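Each remark here refers to the structure printed beneath this line.
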Number of protein chains: 2
Amino acid sequence: MTTTAPDTGTRMRSEDRRVLVLEAATRVFGERGYHGATTDAVAKAAGVSQPYVVRMFGSKEAMFLAVLERAVSRMMASFRAALEESTAESETPDAETLHRCIAHNYVELLSDRGLLLSLMQAFMLGADPVIGPEARACMRRVYEFLRDDAGMSPAEAHGFLSTGMMLNTLVGLRMADDYEKEPAVRELLDEVFPTKLPFLLSLRDRQS
Amino acid sequence: MTTTAPDTGTRMRSEDRRVLVLEAATRVFGERGYHGATTDAVAKAAGVSQPYVVRMFGSKEAMFLAVLERAVSRMMASFRAALEESTAESETPDAETLHRCIAHNYVELLSDRGLLLSLMQAFMLGADPVIGPEARACMRRVYEFLRDDAGMSPAEAHGFLSTGMMLNTLVGLRMADDYEKEPAVRELLDEVFPTKLPFLLSLRDRQS
DNA sequence: GTTGGTGGTAATCGAATGATTACAAATGGC
DNA sequence: GCCATTTGTAATCATTCGATTACCACCAAC
């Protein structure tokens, strides 16, 4: 007897499926953290079976590392695009122009819900013997880009990274949930997201 | 027959024991995160049995909330002390004096290994229906202190919080582990911890 | 001395989870 | 058409973990 529902006949190339699973994993890891995320939750979010996601990456740990690599690569690509934008505006862009261009692209990254949160989750795993070194390498890549490619001074890079950590933290906290109820929260978010607030608030209502 | 090792005869008041367990839980939650921490690991770190820590707080979730409350209370106390220090130096302290005094006490907090990391872990749990609201309230308490008591402008409070998030992230990453090997890391840490670097590096070598 | 409350532990349970195995259905080259 | 490869799933396993239960030991009051 057949125990499974009849196949719909549609099969994907594993390459495409892998991207789907990676996107789902990014969302799940971002929301629940490395330890809190389950391979089953990722599987359900991607619409595949749990053993499939395990075999696709070998282990949950390897899957997280893949998510991390993709996340930092996409962030770097976003920064590089921002750098080109700002050099297009003026030959030797000042710090403010660069900041504005990067901030613009950075908030765009928030659309990929979980990407920045997955990075942030990795940054809290420095004690992990496998993930820790990879996470430190990610931070290093970003810092070296800011110094070597974007031409920032150490102090400028520090300020830029600090603001980024703050943004990520506020997103992790879901601080926007209290925007209407708490005047202090409104004031803080108005300060931190001067131009991108409508976009941030629109993110809040999306699924999950 | 007796299955247990003979009691050493030393018994503690549950109040004192509770503090010991809270300190142990702070370390464990800080290192492994909420989901990654186990009640058994907390029990072993505190030198008691696992059922005891569960009964003491009712649940792992309640224990985390207790850790969170203690952490934010101690941080606020540290900030209040710093505020008094700076007003002792000059009647109406400028921003730099206040920053310096707070930074001094803040780095002291790092001695309580895990306190800031536990806070940071909570900040990544905004999606949790129970912990999320509590974590947002913690952030709000800190922001309102900076605005109302420390007299910071929204922009000043934003900058201060951003730097704090950056410090916490670098500690979570264990970035100091790469201080000697990676020149970029050395440069970054020299910039972020201008005066407190020896202290930071000494923390690195402590147990766990 | 015994009694009752406080400070603990050993043993165990049920559920969740990451991983493995065995198997089935679709696809493509020949 | 046939067969090997690829794309998937159902079933299950061994651990782990939070929680519960039942029990024991110390101590103070009377």
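Quick note on labels: first sequence line is chain A, next is B, and so on, each numbered from 1. These numbers come from a predicted model, not from an experiment.
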Counting C-beta onward and ignoring hydrogens, is there a side-chain heavy-atom pair between A:L125 and A:H35 closer than 4.5 Å?
yes
Distance in angstrom units between B:K44 NZ and C:dA10 P, rounded
10 Å
Can you tell me the distance, in whole Å, between the CE atom of B:M12 and the C1' atom of D:dC27?
17 Å
Minimum heavy-atom distance A:S162-B:M166, with the two atoms named
OG-CB, 3.3 Å
Selection residues 58-77 of chain A - residue pairs positive for ring pair (Phe, Tyr, Trp, His ring centres under 6.0 Å), sequence neighbours left out:
A:F29-A:F64, A:Y34-A:F64
Run the side-chain contact (heavy atoms from CB on, under 4.5 Å) test against B:A41 and tell me which residues pass, sequence neighbours left out.
B:V28, B:R32, B:T38
Atom NZ of B:K60 and atom C1' of C:dA15 are separated, to the nearest Å, by 14 Å
side-chain contact (heavy atoms from CB on, under 4.5 Å) with B:L197: which residues, sequence neighbours excluded?
B:Y179, B:L189, B:D190, B:F193, B:L200, B:L201
Rounded to the nearest angstrom, tell me the gap between atom CZ in B:R18 and atom P in C:dG8.
14 Å
On a heavy-atom basis, the closest approach of B:A157 and B:Y143 is CB-CE1, 3.6 Å
Please state whether the base of C:dT6 and the side chain of B:R13 form at least one donor-acceptor pair under 3.5 Å?
no
Sorted by number, residues from residues 48-56 of chain A placing a heavy atom under 4.0 Å from DNA chain C are A:Q50, A:P51
To the nearest angstrom, how far is B:F29 atom CZ from D:dC17 atom P?
13 Å
Any N/O pairs under 3.5 Å between the protein and nucleotides 2-4 of chain D? List them or say none.
none

The side chain of A:T38 lies closest to which of these nucleotides: D:dG18, D:dG8, C:dT17?
C:dT17
May I have the list of side-chain donor-acceptor pairs in residues 126-138 of chain B shorter than 3.5 Å, sequence neighbours left out?
{"unit_1": "B:D128", "atom_1": "OD1", "unit_2": "B:V130", "atom_2": "N", "d": "2.8"}
{"unit_1": "B:D128", "atom_1": "OD1", "unit_2": "B:I131", "atom_2": "N", "d": "2.7"}
{"unit_1": "B:R136", "atom_1": "NH1", "unit_2": "A:L173", "atom_2": "O", "d": "2.7"}
{"unit_1": "B:R136", "atom_1": "NH1", "unit_2": "B:G126", "atom_2": "O", "d": "3.2"}

According to the interplanar angle, ranging from 0 to 90°, do the rings of A:Y106 and A:F160 count as parallel (below 30°), tilted (30 to 60°) or perpendicular (above 60°)?
perpendicular
Using whole Å, what does the distance between atom P of nucleotide C:dA15 and atom CG of A:D40 come to?
16 Å
Taking only side-chain nitrogens and oxygens of B:T39, does any of them come within less than 4.0 Å of OP1 or OP2 of D:dG18?
yes
For B:R17 and A:H35, find the nucleotide of DNA chain C closest to each by heavy atoms; which residue's nucleotide sits nearer the 5' end?
B:R17
